Amino acid sequence: MTECYIRVAEDENEEPMEIPSEEDGTVLLSSVAAQFPGACGLRYRSPVSQCMRGVRLVEGVLHAPESDWGNLVYVVNYPKDNKRKMDEMDAASAVKIKRGVQKTSDLIVLGLPWKTTEQDLKDYFSTFGEVIMVQVKRDAKTGNSKGFGFVRFTDYETQMKAISQRHMIDGRWCDCKLPNSRYFLEQAGPDEPMRSRKVFVGRCTEDMSADELRQFFMQYGEVTDVFIPKPFRAFAFVTFADDQVAQSLCGEDLIIKGTSVHISNAEPKHNNIHHLFSNFPGRSPSLAAMLERSQYPFPSSHV
DNA sequence: GTTGAGCGTT
C-alpha cells in the first residue's frame, strides 16, 4: 500500500531493474515501458505453484498479486514474444541502410482509445525512441477522437520496431502501419512519368506562408517558385531549379511547423484524371501509381 | 452522451 520499487527483468536470470510504484501501490505499465520499450505486461513465478503467473493489468495499471509486490522478480511480457524477432528485424534494417532506404515516414496508429491524447501518444512512443510528431485525428465539430492518429520517429530503427509489434495504449491494442500514401512510393515505375521541377505539397495548413515554404524547401535545393492557391485549400506547389531535387522529394512526408505534409508529383494544370477514379479503393498498383499523381483535388477552374 | 475498421478536414 505504499510507494516502493518493484524488481523487473527481461528474463528470470537477468539482472533486475527497479521500477517505481504509485502511491496506491500499483505500478503503471508506462513506468515499465519507460525502461522496457514495447512491454505489454508482467509475469512472475509463483512461490507456491512454481508456475509463471500473469500480473493483473487494468487500463494500463498493474496490480500487485497479493497485498504487496513482495520481493519477487517480475518478468516483462512482450507482444507475441517479439523479443527474438527483433534481432532479425535489426538485420533486415541493416540491409536497408546499406541500400540507403532508411528514411522515416509518418506511421498511422490504428485502434486508439477514444480518450487517448497526443500527449499520451508522445509519452508512449517516446519509450521507443525520439518522437518528432504525433497527431490524434478528431472530428472537426465535436473534437472527438476518430480512434486513429499518426506518429513520426527520428530514427528508422525505431520506426521498424514500432511497426513490428502491437501496442498496448491506454488499455487497447493498437497497430502502427505505413500509411497508404507510402504504398505508392515503392512503385518507382520503370517508365518514369515526368521529370518535373514542380512538386505538389499536400496537407498544408493555413499558417504556412509562401515565404516560410520557400525557406523550408531551400534546404533541398534552389527554389524558383512557391504557389499557394487562394482561397486556402490545404496544398501548395513548390518549383525547384533542379528537377532531381523535386523528384527526390516525391512520396516523402515532410514536417513543416509541426505538421506533416505530403510531397508528390505536380500534375499538369489541365489534368482531371482524378474525376474518373474518385471512388478509388486503393489496391491496384498501376491504378494507384496513376492516382498518386492526381489524388489531390484540383480547382474546378482547372478542369 | 453512441462506435472499433480504417488512411491524414478543405
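Reminder, nothing fancy here: chain letters follow the sequence lines and each chain counts from 1. Since the structure is predicted, the reported quantities are computational estimates derived from the model, not experimental observations.
- In the displayed structure, A/Lys257 atom NZ is contacted under 6.0 Å by more than 12 heavy atoms of other residues, nucleotides or ligands.
- Sequence neighbours left out, the pairs with a member in residues 121-142 of chain A that pass ring-ring contact (aromatic ring centres under 6.0 Å, His included) are A/Tyr124-A/Phe128, A/Tyr124-A/His167, A/Phe125-A/Phe153, A/Phe125-A/His167, A/Phe128-A/His167.
- One interatomic measurement links the two molecules: NZ of A/Lys115 to P of B/dG4, which rounds to 19 Å at whole-angstrom precision.
- B/dT10 atom C1' lies 13 Å from atom NZ of A/Lys141, rounded to whole Å.
- What separates CG of A/Asp139 from P of B/dT2 is a distance of 12 Å, to the nearest Å.
- Taking atom CZ of A/Arg233 as the reference point, atom P of B/dT9 lies 18 Å away to the nearest angstrom.
- Considering only the side chain of A/Lys146, B/dG6 comes nearest among B/dG8, B/dG6, B/dA5.
- Counting any heavy atom pair closer than 4.0 Å across all strands shown, A/Ala234 reaches a base atom.
- A/Leu112 comes within 4.0 angstrom of a base, heavy atoms only.
- Atom-to-atom, NE2 of A/His262 to P of B/dT9 comes out at 14 Å; the value is rounded to the nearest Å.
- Contact annotation for A/Pro113: base contact, defined as any heavy-atom pair under 4.0 Å involving a base atom.
- As a whole-Å value, the separation of A/Ile108 CD1 from B/dG4 C1' is 13 Å.
- At a cut-off of 3.5 angstrom, counting only N and O atoms as typed in the model, there is a donor on one side and an acceptor on the other between the side-chain of A/Asp106 and the base of B/dG8.
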* Asked: What do the steps show when you test A/Arg214 against A/Asp225 for salt bridge (charged side-chain N to carboxylate O under 4.0 Å, His left out), and what is the final call?
  -> CA-CA 8 Å; A/Arg214 179 183 289 270; A/Asp225 187 57; 5.1 Å; no
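- Straight-line distance from the CG atom of A/Asn180 to the P atom of B/dC7: 6 Å, rounded to whole Å.
- Per the geometry, CD1 belonging to A/Ile163 stands 14 Å off C1' belonging to B/dC7, to the nearest Å.
- Per the stacking criterion (ring centres < 5.5 Å, plane angle < 30°), A/Trp114 stacks onto the base of B/dG4.
- Distance from the side chain of A/Leu110 is smallest for B/dG6 among the nucleotides B/dG4, B/dG8, B/dG6.
- B/dG8 has its base stacked against the ring of A/Phe150, the centroids being under 5.5 angstrom apart at an interplanar angle below 30°.
- The side chain to side chain contact (heavy atoms under 4.5 Å, CB included) check on A/Asp123 picks up A/Gln119, with sequence neighbours excluded.
- Two residues, A/Lys137 and A/Gly147, neighbour DNA chain B, and the one matched to the more 5' nucleotide by heavy-atom proximity is A/Gly147.
- When the nucleotides B/dG4, B/dG8, B/dC7 are ranked by their closest atom to the side chain of A/Arg172, B/dG4 comes out on top.
- Both A/Ala140 and A/Phe148 lie near DNA chain B, and the one whose nearest nucleotide falls closer to the 5' end is A/Phe148.
- Residues A/Trp69 and A/Tyr74 bring their aromatic ring centres within 6.0 Å.
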